[in-house]
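Per chain, numbering begins at 1; letters A, B, ... match sequence-line order.
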Protein chains: 2
Amino acid sequence: MTAAKKQAKSKAGNGVTAPGVRTATRRARVESKEDAIVKAAYQMFIDVGFAKTTMSEIAKKAGVAEGTLYLYFSNKDALAHTVLADFYERLTLGAKKGVAKLGNTEERLVFLARHHLKNIIKERRILELLSMTDRDSEIYRGSELYKMNRAYVSVFDDVVREGMWRGEIKKTDELWLLRDTFFGALEYGMRTIMLKRRGAEQRVNQLAQTLAEMLIQNTKPAGATENQTSLQNLEKTARRFEKAATRLERITGQM
Amino acid sequence: MTAAKKQAKSKAGNGVTAPGVRTATRRARVESKEDAIVKAAYQMFIDVGFAKTTMSEIAKKAGVAEGTLYLYFSNKDALAHTVLADFYERLTLGAKKGVAKLGNTEERLVFLARHHLKNIIKERRILELLSMTDRDSEIYRGSELYKMNRAYVSVFDDVVREGMWRGEIKKTDELWLLRDTFFGALEYGMRTIMLKRRGAEQRVNQLAQTLAEMLIQNTKPAGATENQTSLQNLEKTARRFEKAATRLERITGQM
DNA sequence: TGACAAAATGAGCTTAACTCATTATTACTG
DNA sequence: CAGTAATAATGAGTTAAGCTCATTTTGTCA
């Protein structure tokens, strides 16, 4: 409880002490210590996973006493939570930057897929921290983690919505179907890629390309238009010939 | 170590004592006790999750002493492992039965999707046990869990391969792309369905139908047939025109 | 420099997984 | 049917990891 308060205090930028101003150096030191703890925890989680990481080892790695951890984080879960939140933040930032650079919907989707894949491959142990959190309970909606997830996912949503607006993706009210297919396929694909070590890079590209195409394919203007145009032309020609043939038959008297 | 040996012994059906035969009642009692333990653990995992389940509570629920648990399972993880293996077994059996009853590939895929979804919704806490196992390490390939997963997944694979053979699904060497998309989408979709309580049943159907269509769509014969009919009409017209043109040429004496 | 607040410490508490010496049960035999 | 050896079960005790809190150290003022 005390720790939780402190955690909030050092995270948010509220005025710590009344006089202020010259507290800067102290604050800076405190925050760098918090960073050191998070960094140590991150590394441990990556290396040996959450379950096998001990608080005492994190403390040692961060160069602080075990008790100090609890001044910054109320418990081990809260520490994992922070590590996960940082991960989401980086992920979201990278996604936004990449999308902003690209104009075409297909390119954007391929980028998002590759970006997601590469990051969950590199930091898959961090992603696993998610599975500890109870995503069923009512509490989850409204949690910081839920918001971070929404923020990340909405980058994808925005790309798709704009793609629909432009007519590059078939319109649907059920955006969740596309979203879950996209991210679900990426996470499962990641495991396959990890399992079959060979040709990882190629598989990443394959998966990203396939998913992007799957989304735009449904009513891809390119293919559909070509076929329709070709058929329409043929049919127009046919109609003209039908008329001409009928007239000819009338003249010659037979069929 | 001792416990592990015992676990193996009571699991496998090897001859426990030399004389054999009349051991039946004792074996039966032992196995029913093992069942009681697994059942208790299953229920606890479902109710409060793996982390918050204590061995002492499992023991109490199963009506045995805490130490007895370790005669049957070397540790808590091994117990979770068994619960998970049982889950896979049920899942695989159900999938096989359902597929056998259906002849059409699309129907089979819809069934598999619905079957998977309904089960991972009902027993999602069991599915979470998977995320504890280290699916990266070399050890995983060759593990019992890996084999059970393969057995389950191969039901899907077989359906898809047969669908390809029949020409109902576009052929591809990259079956893993279809597989990961299918199961990944289902798992992510499950979470969305859990989160938005309303209209779960409808969402299940929607997701199952969408995924099945996605797989067969690429070269769905239906669409292709329509096009072919259209083409056939055109060809008929063309033949008629050829005749008419020939006659016209005869009359007009040109070309 | 002294005093006060903020920060840090680590010995000790609590709890849960796991062990093992002891006891109880069962199946077989003379 | 009593004796006995093998098998099964027990729960007090050990270990270890998360967490607490009385005490100490550090930093910043007047």
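- Sorted by first and then second residue, the salt bridge (charged side-chain N to carboxylate O under 4.0 Å, His left out) pairs involving residues 148-157 of chain A (not counting sequence neighbours) are A/Asp157-A/Arg179.
- Among residues two or more places apart in sequence or in another chain, the side chain to side chain contact (heavy atoms under 4.5 Å, CB included) test is passed with B/Glu174 by A/Gln206, B/Thr172, B/Trp176, B/Leu177.
- To the nearest angstrom, C1' of C/dT19 lies 18 Å from CZ of B/Phe73.
- Scored by the side chain to side chain contact (heavy atoms under 4.5 Å, CB included) test, B/Leu195 finds A/Tyr140, A/Arg141, A/Tyr146 as partners (sequence neighbours excluded).
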Polar-atom pairs under 3.5 Å, protein N or O versus N or O of nucleotides 8-11 of chain C: list them with distances, or write none.
{"residue": "C/dA8", "atom": "OP1", "partner": "A/Lys33", "partner atom": "NZ", "Å": "2.9"}
{"residue": "C/dA8", "atom": "OP2", "partner": "A/Tyr72", "partner atom": "OH", "Å": "2.7"}
{"residue": "C/dT9", "atom": "OP2", "partner": "A/Ala65", "partner atom": "N", "Å": "2.8"}
{"residue": "C/dT9", "atom": "OP2", "partner": "A/Thr68", "partner atom": "OG1", "Å": "2.5"}

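- Whole-Å rounding puts the A/Lys52 NZ to C/dA17 P distance at 17 Å.
- Counting only residues at least two apart or on different chains, the ring pair (Phe, Tyr, Trp, His ring centres under 6.0 Å) pairs with a member in residues 43-65 of chain A are A/Phe45-A/Phe50.
- Going from atom OH of A/Tyr70 over to atom P of D/dA17 covers 12 Å, rounded to whole Å.
- With ring centers used as reference points, B/Tyr152 lies under 6.0 Å from B/His116.
- Taking atom CD1 of residue A/Ile58 and atom P of nucleotide D/dC19, one finds them 10 Å apart after rounding to whole Å.
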Identify all side-chain donor-acceptor contacts of residues 90-98 of chain B below 3.5 Å with residues at least two apart in sequence or on another chain.
{"residue": "B/Arg90", "atom": "NH1", "partner": "B/Glu123", "partner atom": "OE1", "Å": "2.8"}
{"residue": "B/Arg90", "atom": "NH1", "partner": "B/Glu123", "partner atom": "OE2", "Å": "3.1"}
{"residue": "B/Thr92", "atom": "OG1", "partner": "B/Tyr88", "partner atom": "O", "Å": "2.8"}

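- Atoms CE (A/Met55) and C1' (D/dC19) sit 8 Å apart, rounded to a whole Å.
- In this structure, the CD1 atom of A/Ile37 is 11 Å from the C1' atom of C/dA7, given to the nearest Å.
- As a whole-Å value, the separation of B/Lys76 NZ from D/dT15 C1' is 17 Å.
- Taking atom CD on A/Glu34 and atom P on C/dA6, their separation rounds to 18 Å, with Å as the unit.
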